[in-house]
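Here the structure comes first, spelled out in structure tokens, and everything after it is commentary.
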Amino acid sequence: MPDLGKYAVEVVSAYGASLILLAVLLGMTLRRGRKARAELAQVEADANREAVKKNG
Amino acid sequence: MIALLLRDLRLAFRAGGGFGLGLAFFLIVTTLVPFSVGPTSALLGSIAPGVLWLGALLACLLSLDRLLALDYEDGTLDLLLTAPLPLEAAVSVKALAHWLTTGLPLVLAAPVLGVLLSLPASGYGWLVLSLALGTPALSVIGTFGAALTVGIKRGGLLLSLLVLPLYVPTLIFGAEAARRGAMGLDPSTPLLMLAGITLGTIALMPFASAAVLRMGLR
Amino acid sequence: MIALLLRDLRLAFRAGGGFGLGLAFFLIVTTLVPFSVGPTSALLGSIAPGVLWLGALLACLLSLDRLLALDYEDGTLDLLLTAPLPLEAAVSVKALAHWLTTGLPLVLAAPVLGVLLSLPASGYGWLVLSLALGTPALSVIGTFGAALTVGIKRGGLLLSLLVLPLYVPTLIFGAEAARRGAMGLDPSTPLLMLAGITLGTIALMPFASAAVLRMGLR
Amino acid sequence: MSIWSYANPVKFLALSAKLQPYLWAAAAFCICTGLIWGFFGTPDDFRQGSTVKIIYLHVPSALMAINAWFMMLLTSLIWLVRRHHVSALAAKAAAPVGLVMTLIALITGAIWGQPMWGTWWAWDPRLTSFLILFLFYLGYIALWEAVEDPDTAADLTSVLCLVGSVFAVMSRYAVQFWNQGLHQGTSVPMATGGRTVSDVFFVPLMISMVGFGLLFVALVLYRTGTEIRLRRAQALRSRQEREL
Amino acid sequence: MMLSAQNLTLARGGVPVIAGLDFTLAAGQALILRGPNGAGKTTLLRTIAGLQAPVSGTISGADDAIAYAGHADGIKAMLSVRENLQFWAQVFGGGAIDAALDAYALHPLADRLAGTLSAGQKRRLGLSRLLVTGCPVWVLDEPTVSLDVDAVAMFAAAVRAHLASGGAALIATHIDLSIDAEVLDIKPFRAKPVHFSGASDEAFL
Amino acid sequence: MMLSAQNLTLARGGVPVIAGLDFTLAAGQALILRGPNGAGKTTLLRTIAGLQAPVSGTISGADDAIAYAGHADGIKAMLSVRENLQFWAQVFGGGAIDAALDAYALHPLADRLAGTLSAGQKRRLGLSRLLVTGCPVWVLDEPTVSLDVDAVAMFAAAVRAHLASGGAALIATHIDLSIDAEVLDIKPFRAKPVHFSGASDEAFL
Ligand code: HEM
Ligand SMILES: Nc1ncnc2c1ncn2[C@@H]1O[C@H](COP(=O)(O)OP(=O)(O)OP(=O)(O)O)[C@@H](O)[C@H]1O
Ligand SMILES: Nc1ncnc2c1ncn2[C@@H]1O[C@H](COP(=O)(O)OP(=O)(O)OP(=O)(O)O)[C@@H](O)[C@H]1O
Ligand SMILES: [Mg+2]
Ligand SMILES: [Mg+2]
């Protein structure tokens with residue numbers, strides 16, 4: 001850890017806040033992405049089942 | 001009862017439900033103030049508690065017209081009235097949902113906006129406390145206003161007009177408490193008054209709102 | 001075209017039409033300001049031009065949600081779209097009607113409210129002039145916002161959120177002109193900028209509003 | 001093959017799936033290098049002390065906040081003119097990223113301002129225009145959320161983006177005018193622009209900037225993919241219901 | 001007897017529209033209200049549902065026993081069909097909603113947002129709400145508006161089942177529902193103008 | 001030929017509902033649209049009226065020749081019946097409104113505020129608007145909702161007169177109108193699913 005002098009609180013909180021914000025953004029992005037993948041897989045499976053039922 | 005609260009909250013969080021809009025409005029009004037009165041930070045600091053209270057009040061006010069009018073338009077209110085549910089309770093629940101989705105976020109956001117208006121450091125705690133004590137009264141009184149104007153198409157502006165005078169005591173004590181806090185004076189008297197107003201309105205207004213609603217839907 | 005203007009004006013003047021509500025809101029907000037920032041007249045005088053501009057802007061903003069939404073709800077807008085009438089013209093006429101029923105009364109009432117806020121004597125003329133130049137832009141920009149949110153149920157608060165940032169340049173120049181006027185400085189530069197904004201928006205915004213309206217009603 | 005063929009969702013998904021691993025890796029590498037180098041490996045400024053380290057977050061995020069808006073402007077135009085769905089969805093996907101970047105710039109700036117100017121916030125033109133940008137992001141996202149029909153939402157938000165940009169530029173000039181007019185002088189060290197920072201700070205800053213840029217691209221690609229999938233799932237579902 | 005009204009006088013907008021109306025509704029009985037546009041059907045039904053008070057006369061048996069369905073359906077666009085029904089089921093203390101979904105063939109639509117339904121589909125949702133209320137008396141104002149023939153048949157079947165299980169229904173409609181029911185034509189009960197006799201405060205009417 | 005559509009594909013909410021629909025409408029002809037709830041009648045009529053664009057296909061003859069009447073009537077509650085009609089007459093450049101008032105027996109209501117009309121009376125006012133537009137093609141979405149038998153007869157008479165004077169009408173309805181007209185059932189034109197082939201930009205659909 002470098003010596004941050006009298007501004008330690010400022011610098012660390014700036015880094016902390018920014019990294020937290022980035023992490024939140026990244027987390028929300030990944031969560032939404034996973035949900036979307038799962039949902040699409042589900043819906044497509046349903047669609048295929050329907051198609052099979054109808055045609056075969 | 002719980003079903004009604006959950007439904008209201010769920011609707012607020014759904015797309016287009018209006019959660020966060022009050023907050024955004026609050027933010028914008030606060031940022032517009034320096035544009036209109038000028039950027040001098042001493043001047044801004046001295047009017048900051050008042051402006052923040054006024055902004056919170058306006059944000060609350062503007063979200064009122066969704067409170068009952070949406071339910072009225074799609075017929076839900078008629079159906080609720082004929083349901084086996086005391087209307088007083090339904091109205092209180094709606095006010096609670098309004099506070100949770102509008103008042104509470106305002107309370108939490110106020111300190112951040114205090115920074116924009118150079119609020120003196122001693123003022124933050126008192127500002128939050130006064131808002132936390134006062135905004136429930138705003139929601140409850142607002143519900144009464146919403147009930148009064150429920151049959152009126154796009155009654156938003158009329159609603160504001162009816163409710164604003166009723167908000168005056170809350171605003172005066174709330175802003176006074178925040179201002180005294182910011183100036184380092186003792187804000188306990190206005191805070192007590194504010195708490196009194198809030199308790200009184202929570203206890204009594206639901207009856208008035210329910211009565212008015214029954215008349216209005218006639 | 002004239003028929004549309006006359007109808008809008010007539011509707012505004014009928015009971016519940018909302019004429020005067022903007023004015024009343026302006027009045028109330030202005031009177032609430034001393035309650036929230038405290039009654040010191042030097043402080044009030046120095047923020048008076050800004051507060052009056054902000055009040056006028058908010059009053060304008062709040063009446064916007066009646067501008068197109070009422071016509072949307074009862075189906076008039078669909079019918080107007082299929083009528084042999086250029087939509088750009090219809091939108092401009094609606095903006096004009098809005099200005100006549102909201103902006104103009106505000107301009108006329110502002111000096112009276114200036115007295116309440118101890119506006120310095122030299123400021124009255126410039127305040128009125130800046131409002132007269134600026135409020136048409138508010139109406140035209142507001143029409144664009146109303147067109148954007150027309151399909152959205154009780155989009156009032158969203159409308160405010162979208163329109164307020166667009167109001168920033170108008171507000172800055174308008175309030176600056178009024179403030180310079182009140183302080184005895186030369187307000188001609190901001191007034192010119194204000195006039196430029198107004199002319200530009202009047203010339204261009206109707207096209208954007210009409211385009212957005214066509215998209216939104218799809 | 002024209003570039004427009006990537007406006008096809010399937011092609012887009014395939015390509016972005018191929019690119020993404022490299023992008024994420026490069027972004028992570030650059031950001032880590034830049035920030036760690038900046039935080040641990042650079043000296044304090046003689047005037048600003050250790051607060052100068054904030055620059056490695058502040059400047060890249062401010063830059064990306066503006067660039068995100070430019071990108072949205074471009075994709076909005078493409079949607080309005082050529083009506084490629086991927087373009088509209090990319091704009092939708094970029095907005096929250098831009099919002100967070102703006103927020104980071106605002107927060108780091110505010111934290112920096114406290115020791116340097118003695119205040120969290122001043123109504124300086126650059127700061128103020130950033131606040132306005134923040135508001136535009138909020139309104140833009142709120143409009144996307146509020147409109148139910150996805151194509152209508154794309155149309156409306158695109159026009160909002162165009163009109164908003166014009167007004168953002170106007171606000172920028174208005175704000176500059178307004179604050180100079182008051183002679184309220186917080187002298188801003190950043191206002192000079194160009195290379196005001198010395199080389200010790202410059203290299204890690206550049207790396208960090210590249211890192212933020214890569215991160216932005218990776219995030220937007222990923223999020224656009226998400227939006228495409230959601231859109232497709234929604235369409236399929238309504239389909240199925242109507243089949244029954 | 002589930003519901004009865006004696007000597008009702010009703011006003012709308014301060015003007016009397018119906019005078020001297022009596023009727024009774026027994027368990028298992030349906031009563032179809034007929035009358036030309038403006039006769040006062042909506043006014044009558046709203047009064048029975050307790051949404052407005054009669055000018056004079058009495059209604060008995062109505063408290064909390066009534067499920068009302070008017071021109072508007074009380075549907076939230078941003079909730080799914082299932083969530084909408086569930087909400088009403090909870091408000092009325094009822095339980096399962098599957099029977100209601102079945103009765104109007106709403107299962108395939110159950111997870112759609114209600115705002116994306118067509119006019120007739122919305123109406124079907126509105127009518128299925130009656131089944132989750134568990135109220136014995138249905139008071140319905142033009143329930144079959146925008147319904148296609150199949151859906152009208154579903155509605156008729158639902159009403160018949162309701163009557164068979166001891167319920168009662170009061171229905172205003174202009175079309176033929178093919179439900180076995182008495183018809184009450186309210187045209188003869190049109191209120192006569194009262195002359196300004198000066199005798200009472202009611203002289204405005 | 002007043003109006004024709006070739007190979008129309010229509011979408012609602014981003015999902016195609018109708019595909020491959022053709023029809024023509026000649027002067028003096030009425031075409032009744034039928035189809036179950038959710039088939040896409042409203043979507044079709046709105047497209048013809050120019051309120052939304054077709055996904056593919058062409059519509060010819062529609063510009064400014066169309067008077068559309070949808071589920072909402074475009075009536076201002078705070079204007080009188082006469083003022084409402086007069087406004088639309090002026091917008092469409094038409095003149096006298098007396099014929100329109102006559103056709104739907106609105107003379108006795110002419111000076112009432114439109115907000116105080118009953119559901120059926122409002123609908124009559126909405127329909128009378130068609131007569132003042134002077135447009136040759138009427139595009140009507142469930143026009144007889146809430147009308148009583150007399151009013152339905154008035155409507156049928158108005159349509160017949162319109163056809164006799166060389167107009168044309170396209171009407172979606174679930175009930176029988178006793179108008180001499182061809183029937184177009186749109187059920188067979190339900191859109192079939194397109195697969196996620198990646199062939200075009202429309203691959204979502
Ligand atoms: C909330 C407050 C602040 C905001 C919104 C803000 C915003 C910005 C923006 C938009 C840029 C331009 C990025 C670019 O175009 O390259 C920037 C650059 C910069 N800012 Fe800030 N800033 C804030 C506070 C501060 C403070 C307090 C300092 C330091 C005392 C500071 C120092 C700098 C520096 C050194 C640059 C780089 C200038 C250059 O090399 O071009 N900023 N900031
Ligand atoms: N808000 C109102 N204010 C004043 N009068 C009204 C109002 N609403 C309806 N009326 C009048 O009251 C009378 C009864 O109206 P009501 O709506 O009960 O008729 P209805 O039988 O339901 O007709 P419809 O079959 O057209 O729905 C009508 O003459 C109508 O014009
Ligand atoms: N806003 C919307 N968003 C998404 N889908 C919609 C929307 N409105 C309608 N739909 C769907 O589009 C299809 C066609 O709807 P449309 O309203 O055209 O049917 P309709 O034939 O008019 O039916 P009805 O007889 O019930 O009025 C339906 O399956 C409906 O569920
Ligand atoms: Mg009725
Ligand atoms: Mg329909």
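All values reported here derive from a predicted model rather than from experimental measurement. Atom set for the values below is all heavy atoms of this structure, side chains included, hydrogens, waters and symmetry mates excluded. Chain naming here is simple, since letters A, B, ... match the order of the sequence lines and numbering starts at 1 in each.
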Mind listing the donor-acceptor pairs under 3.5 Å that bridge chain E and chain F?
| from | atom 1 | to | atom 2 | distance (Å) |
| --- | --- | --- | --- | --- |
| N37(E) | N | D148(F) | OD2 | 2.8 |
| N37(E) | OD1 | D148(F) | N | 3.2 |
| N37(E) | ND2 | S146(F) | O | 2.8 |
| G38(E) | N | S118(F) | OG | 3.2 |
| S118(E) | OG | G38(F) | N | 3.2 |
| S146(E) | O | N37(F) | ND2 | 2.8 |
| S146(E) | O | H174(F) | NE2 | 3.4 |
| D148(E) | N | N37(F) | OD1 | 3.2 |
| D148(E) | OD2 | N37(F) | N | 2.8 |
| H174(E) | NE2 | S146(F) | O | 3.4 |

Contact winner vs chain E - V145(F), V152(F), L147(F), V149(F), heavy-atom pairs under 4.5 Å: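 Looking at each of V145(F), V152(F), L147(F), V149(F) in turn, L147(F) comes out on top.
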Of the backbone (N, CA, C, O) and the side chain (C-beta and beyond), which part of A119(F) lies under 4.5 Å from a heavy atom of chain E, both, or neither? side chain
List for me each residue that meets side-chain contact (heavy atoms from CB on, under 4.5 Å) alongside P143(E), sequence neighbours excluded, and say none if there are none. L127(E), L140(E), F155(E), I171(E)
With chain F, which of A39(E), G35(E), P36(E) has the greatest number of heavy-atom pairs at distances under 4.5 Å? P36(E)
